[in-house]
Amino acid sequence: MCGIVASVGNKPCRHVVLQGLSRLEYRGYDSAGFVCIDQNHPYFSFKKEAGGVAPIQRLIETATFDGVIGMGHTRWATHGVVDEDNAHPHFNCKKNIAVVHNGIVEGHDEIRSQLINQGHTFNSSTDSETIAHLVSSLHSEYNDLHATLVALTTRLKGAYALIFLFEQYPDTLIVVRHRSPMVIGIAEQQMLVASDFLAFSDITKDVIFMPDNTFALITKDTIKLFTFDGAPSSYQVTKVDHTHKPLDKEGFEHYMLKEIYEQKRAIARTINFCKIIGSSVELEGTLHNFSSILQQNDALWRQLGLTKDRIKNLRYINLISAGTSWHASRIAQFFFETICKIPTRVYLASEFRYMSFFDEPNSIYLMVSQSGETADTLEALRLLNSFEQQTIAITNVASSTMVREAHGFMLMQAGPEISVASTKAFSTQISLLYWLAHRIGLERGEVGQEQMHHAEEALMLAAEILETSIENYKFKIVQELAPHYATFDRFIFLGRHISYPFAMEAALKLKEISYIFAQCYPAGELKHGPIALVDEKTPVVIFSVLDELIYHKLVSNANEVKARKGHLIVFAFEGQDELINLADCPFVLPRITPLLAPLAMTGLMQFFVYHITRQLGHSIDKPRNLAKSVTVE
Ligand code: F6R
């Protein structure tokens, strides 16, 4: 899950490569490296650094050498600790072949042992270095680049996007793609390669998304593409209309805080986008009209790769995702089952791929992913495509691999999310899926036109509560609550029904940025074991629901905690006095339609967690050990 950028042209490339790397920091920020072939002598010059977010910046500031061909890498460690030896590029023994790698080589230990037996010496504990030695060994055997690459791709298993530089071929970038994205950019007397075209989007809009299982030999004015069996392959040049816009924090201390505050607007944009999506008619009039226009129009279904008949006959909805997106999917399960009355299942992408698959007719698969690049979700999508299932990407990134590979797509309008901890992607996923559940319900006759309109209004109201509840508690959280709760070492989170996946999301937010241990349970499970953990040193956070029956069950769970001298923090709604009165720390929000209770609580929960972490002084936007986009399995 690393970032790769390379360039070949007739001008020095260091600036372009390092600038590209800084844009790909979201793919990892453990360490970084740059290698080029010097203009003055045909040998490698390189520099690599380890240690948090800073190495890329230091490389930019301190690298002095340059070359007309070069490549860089930003790492998120999978094999081997974070140190300079494990940073990319990696080299063969003679140091005349360099490689940068994104992905994982399966069975690399075996290849490494074989190479060591042949006399190779390794300098790192990465799987990636194996590739440098293997390609070197194969090149000595075949003495031909093309044959070497065919042999290499036969040997290498796993997922990999690779770029090689050989001192022997000083004008050629050698690029290999297997299950990890790679994009080639075509500019004037210059070719660029990167794991995300954002790296060079200010230089060219003409790109080739390298097809899977291909390798390419790229000079400043030629591209030769081959399939893994060595046969020449054609390619398609696509114009991409998207430029990297440098974003600043607009006065906020962290991107996470800025993104928490952007949610109301992001939700409004997402709903409006849903309403006009694919509509081929000129949209005029009130918002109320939009849904009726869409009802006559099947543009939305076409974009999803569906038809009205397919929607009417739908029997199962499946959602597949990871992390925060999985929590949003679990919340959305209640939407599809309650609103459209369609049985809905939610799978963790990393588990789904290894489960038995049962082909159920009239099913659809929604792949929910902020980035559209998460390796587990992408591989689940590919598996489903191979079973000829209907896959639909629900993502925030229009240019993502999932949008290209799924049969249909729908885009949230969160805007770029920079903070590693997801905030506005989560709330816009919930909003989009709530809207979609109503839209499917409308098509199937489960939902009336008026109800559809109310759903859109309720979403806007939830977005309003999301923001105003932060304002209501801002002072108290910053001054009093965050300093107090930052002193605890562990928390328990509880929810029930629709607030259980929300409690999981809250626990994940706390863990990932504050590093405080947080355990989440469905509240009904408390008495089956976890209640043994309850004591005055472990605050218990309960998230309420607006369903009367389930609310009363939650009150019983809160009583169980208090009876054990537990310290209770409660997120509740106006009128829920029984629960509020039990709390040591109550947060009370205005009431909303029950299915949108999690969305309404989202901003306050995130703000509370953000300020606990701020007290602890951690790196909020780039927490330790994490990366924004998880492109390894
Ligand atoms: C947590 C977080 C992650 C992501 C997960 C899936 O704050 O951001 O748990 O939700 O890695 O990423 P996407 O949504 O890009 O597939």
Side-chain angles (χ1 to χ4, degrees), residues 1 24 26-29 76 78 181 195-196 198 254-257 259-260 263 266 270 319-332 346-353 365-382 391-403 405-406 409-412 414-430 432-433 493 501-515 518 520 602 605-607 609-610 613 618-633:
M1 175 171 103
L24 298 190
Y26 72 90
R27 302 176 80 99
Y29 41 79
W76 184 83
T78 56
S195 38
D196 182 335
L198 273 185
H254 295 100
Y255 283 109
M256 183 174 177
L257 189 61
E259 289 161 6
I260 288 172
Q263 292 182 102
T270 299
L319 295 107
I320 302 185
S321 38
T324 288
S325 297
W326 182 68
H327 298 149
S329 304
R330 292 278 310 257
I331 290 171
V346 184
Y347 299 97
L348 278 169
S350 54
E351 292 293 320
F352 176 80
R353 298 177 51 198
Y365 289 84
L366 306 180
M367 320 304 293
V368 183
S369 171
Q370 187 283 131
S371 59
E373 301 292 348
T374 299
D376 286 317
T377 315
L378 187 57
E379 288 302 329
L381 185 157
R382 288 174 178 159
T391 51
I392 298 167
I394 307 286
T395 173
N396 194 31
V397 184
S399 57
S400 62
T401 311
M402 282 185 212
V403 170
E405 296 196 12
F409 67 94
M410 216 168 155
L411 298 172
M412 294 112 68
E417 196 182 58
I418 307 295
S419 164
V420 166
S422 190
T423 53
K424 58 180 180 166
F426 175 71
S427 49
T428 52
Q429 281 166 343
I430 294 178
L432 184 151
L433 292 166
F493 286 80
F502 183 73
M504 287 197 274
E505 171 60 9
L508 175 65
K509 283 283 96 72
L510 186 70
K511 280 180 257 207
E512 67 180 329
I513 62 170
S514 75
Y515 319 146
C520 181
T602 294
M605 175 276 281
Q606 295 163 342
F607 188 83
V609 170
Y610 166 86
T613 308
H618 296 319
S619 160
I620 293 189
D621 287 331
K622 292 194 168 77
R624 70 182 181 202
N625 304 342
L626 299 180
K628 183 69 187 157
S629 189
V630 186
T631 58
V632 290
E633 294 166 40

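Order of appearance sets the numbers: ligands from 1, and atoms from 1 within every ligand.
- Thr324 and Glu505 form a side-chain donor-acceptor contact under 3.5 Å, judged by distance and modelled atom types alone.
- A 4.5 Å side-chain heavy-atom check between Lys511 and Tyr515 finds every atom pair outside the cut-off.
- Checking Gln429 against Ser325 by side-chain atom types alone, a donor-acceptor pair falls below 3.5 Å.
- No donor-acceptor contact under 3.5 angstrom links the side chains of Thr423 and Gln606, judged on distance only.
- With a 4.5 Å cut-off on side-chain heavy atoms, Thr395 and Gln370 do not count as touching.
- Under the 3.5 Å distance criterion, with hydrogens and angles disregarded, a donor-acceptor pair is assigned to the side chains of Gln263 and Ser427.
- Within 4.0 Å of ligand 1, counting heavy atoms only, the contacting residues are Ala322, Gly323, Thr324, Ser325, Ser369, Gln370, Ser371, Thr374, Val420, Ala421, Ser422, Leu508, Lys509, Glu512, Val630.
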